Amino acid sequence: MVRALTFTIFYCIMDMVKKSSKVIKVCKHYNFIIFFRQESKVLKGVAYMFSVGDKIVYPMHGAGVIDSIEEKDILGEKQSYYILKMPGEVKVMIPTAKAEAVGVRNIIDKSSAEKVIGILEKDETQMDKNWNKRYRDNMDKMKSGDIYEVADVVRNLSFKQKEKGLSTGEKKMLNNAKQILVSELVLAEHASQEEVEQLVDNKINTSFMMFRAEEIQPESVVNKFIPFDGTGTND
C-alpha cells in the first residue's frame, strides 16, 4: 500500500511538472524523486511604480520597455526587478525598490520630443575650458536622466568635435549621450533607430553651419600652389 501511494504521488507530481513553466531541478524525498521547476516570480500583493509594457528611462543607460517584473535571488538576497528590454535586444535588471531613487521615469511624450529636437537646433551653451571640470559637468547632466540635459551634452560635444576634435574620454561620452538620447526619441516618436540618428545628425549639422559658418575660414589663396619659374615672374 505504501508503495502504491508512493507511485501515485510520483505520477501526480510528474503531471504537475509537465504543466509547469519553471526551471527543472531534481531533489530526493524519502524513496522517490520529486521533479519541480523554479522561476522568477512577481511578489504577490506588491504595488509597483511601473507595469509590464511601460516605456521608461534608466539614467546613464537609456530608454526601453519593461519586459517583465521578476523576483530573483542574487547572492542570497531576494528582491524584485524590472527587466528592461533596450535597443539591440539588451536586457537590464533594475531593482524595483530602488527605481525611484536612481531616477527611473516614464519616457517623454511627442510634444516634449519636439522640444528636445529644438535644443539640437540652438547654439551651444558655454562649457568650462578646463577638461576635467567640463567632463564632470557633462557627466552630471547625463546622470540626471533629464533628456534636455542629455541633448545639451550631445549638441555641445558635437560642436566641439567639429571645431577642434575631442579627447578619447569625451568621444566616448558623446557616443553614450547620443545613444541615450536616441533610445528615448525612438520610443517617443515611434520611429526607427536609423531615422532618429539621421534626424539628430541633420539637426546638429544644420545648427553648426548656422552658428559657426562665419568662423569657418575658407582656404587661403596663399596656401594654394602657384607655378613659379624661378625668374621672379609667372607665366
Side-chain angles (χ1 to χ4, degrees), residues 49-67 82 84-88 90 92 94 98-129 133-164 166 170-216:
M49 181 183 299
F50 303 103
S51 303
V52 173
D54 284 354
K55 299 174 182 179
I56 63 173
V57 175
Y58 186 17
M60 292 298 294
H61 292 77
V65 181
I66 297 179
D67 193 53
Y82 294 117
L84 185 64
K85 186 177 181 180
M86 305 184 71
V90 175
V92 178
I94 309 171
K98 299 179 180 178
E100 184 175 8
V102 299
V104 175
R105 60 171 175 79
N106 289 302
I107 66 166
I108 56 174
D109 56 22
K110 191 171 180 64
S111 62
S112 297
E114 293 175 359
K115 294 179 182 178
V116 172
I117 297 300
I119 291 176
L120 302 178
E121 297 174 329
K122 296 179 180 179
D123 195 1
E124 65 179 323
T125 52
Q126 186 174 359
M127 291 191 295
D128 200 290
K129 293 182 179 180
K133 180 64 166 58
R134 182 173 65 244
Y135 189 90
R136 290 196 301 270
D137 289 345
N138 285 331
M139 182 61 71
D140 287 341
K141 290 181 180 181
M142 292 174 62
K143 287 180 178 179
S144 72
D146 186 329
I147 191 171
Y148 299 105
E149 295 279 37
V150 175
D152 192 73
V153 172
V154 171
R155 184 205 56 223
N156 285 356
L157 290 183
S158 293
F159 272 37
K160 184 172 176 56
Q161 184 178 47
K162 292 176 180 296
E163 290 174 333
K164 300 177 181 179
L166 295 173
E170 285 190 314
K171 281 182 181 178
K172 184 176 181 181
M173 174 177 281
L174 173 57
N175 289 335
N176 291 340
K178 196 171 181 180
Q179 288 174 6
I180 293 171
L181 176 68
V182 168
S183 69
E184 185 164 4
L185 290 177
V186 164
L187 296 178
E189 294 283 0
H190 304 287
S192 69
Q193 183 169 336
E194 291 75 16
E195 289 173 333
V196 174
E197 286 178 346
Q198 184 174 4
L199 174 64
V200 170
D201 289 340
N202 288 342
K203 292 296 182 182
I204 290 176
N205 289 336
T206 300
S207 58
F208 180 78
M209 291 302 298
M210 179 183 298
F211 296 107
R212 295 291 177 271
E214 295 181 357
E215 299 176 13
I216 301 176

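Just so it is clear, the model here is predicted, and its values are computed rather than measured. Start at 1 with the first residue, then count along the sequence.
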TODO: In sequence, state the C-alpha distance, the side-chain angles, and the governing distance for Leu185 and Val200, and then conclude on side-chain contact (heavy atoms from CB on, under 4.5 Å).
DONE: CA-CA 10 Å; Leu185 290 177; Val200 170; 4.2 Å; yes

- [ ] Looking only at non-hydrogen atoms, find the nearest pair between Pro59 and Lys143 and report the distance.
- [x] CB-O, 3.7 Å

- [ ] For the pair Asp54 (side chain) and Asn106 (backbone), establish whether a donor and an acceptor sit closer than 3.5 Å, ignoring hydrogens and angles.
- [x] no

Open item on the list: Distance check, rounded to the nearest 0.5 Å: Leu187 atom CG versus Asp109 atom CG?
Closed with: 13.0 Å

Open item on the list: Run the side-chain contact (heavy atoms from CB on, under 4.5 Å) test against Val57 and tell me which residues pass, sequence neighbours left out.
Closed with: Ala63, Arg105, Ile107, Glu184

- [ ] Could you give me the CA-CA distance, side-chain angles and deciding distance for Ile204 and Lys162, then say whether side-chain contact (heavy atoms from CB on, under 4.5 Å) is met?
- [x] CA-CA 10 Å; Ile204 290 176; Lys162 292 176 180 296; 4.1 Å; yes

Task: Approximate separation, where rounding is to 0.5 Å, of Ile66 CD1 and Met49 CE - done: 10.0 Å

Task: Euclidean distance, Gln193 CD relative to Gln198 CD, rounded to 0.5 Å - done: 13.0 Å

Open item on the list: Quick test of your reading of the model: are Arg212 and Glu124 salt-bridged, counting only N-O distances below 4.0 Å?
Closed with: yes

Task: Lys133 bridged to Asp137 by N-O distance under 4.0 Å - done: yes

- [ ] Report yes if some heavy atom in the side chain of Leu181 is under 4.5 Å from a heavy atom in the side chain of Val153; otherwise report no.
- [x] no

- [ ] Could you tell me the separation between the CG atom of Leu84 and the CD1 atom of Ile56, rounded to the nearest 0.5 Å?
- [x] 4.5 Å

Task: Minimum heavy-atom distance Val150-Met142, with the two atoms named - done: CG2-CA, 4.3 Å

TODO: Search all heavy atoms of Leu120 against all heavy atoms of Ala151 and return the closest pair with its distance.
DONE: CD2-O, 3.7 Å

Open item on the list: Quick check on side chain to side chain contact (heavy atoms under 4.5 Å, CB included): which of Ile147, Asp140, Asp146 does Ser144 satisfy it with?
Closed with: Asp146

Open item on the list: Please determine whether the number of non-hydrogen atoms from other residues, nucleotides or ligands lying under 6.0 Å from atom CD of Glu121 exceeds 12.
Closed with: yes

Task: Tyr58 side-chain N/O to Ile94 backbone N/O, donor-acceptor pair under 3.5 Å - done: no

Open item on the list: Walk me through whether Ser158 and Leu174 qualify under side-chain contact (heavy atoms from CB on, under 4.5 Å).
Closed with: CA-CA 7 Å; Ser158 293; Leu174 173 57; 3.6 Å; yes

Task: Within-4.5 Å side-chain heavy-atom neighbours: Glu195 and Glu189 - done: no

Open item on the list: To the nearest 0.5 Å, what is the distance between CG on Leu166 and NZ on Lys172?
Closed with: 14.5 Å

Task: Minimum heavy-atom distance Phe50-Tyr82, with the two atoms named - done: N-OH, 3.1 Å

Open item on the list: Can you give me the closest heavy-atom contact between Lys122 and Phe211, atom names plus distance?
Closed with: C-CE1, 3.5 Å

Open item on the list: Before you tell me yes or no, could you show the steps for Asp201 and Lys178 under side-chain contact (heavy atoms from CB on, under 4.5 Å), namely the whole-Å CA-CA distance, both residues' side-chain angles and the distance that decides it to 0.1 Å?
Closed with: CA-CA 10 Å; Asp201 289 340; Lys178 196 171 181 180; 2.4 Å; yes

- [ ] Could you tell me the separation between the CG atom of Asn138 and the NZ atom of Lys160, rounded to the nearest 0.5 Å?
- [x] 10.5 Å

Open item on the list: How close do Ile180 and Ser183 get, counting heavy atoms only, and between which atoms?
Closed with: O-OG, 2.8 Å

Task: Sub-4.5 Å side-chain heavy-atom contact between Arg155 and Thr125 - done: yes

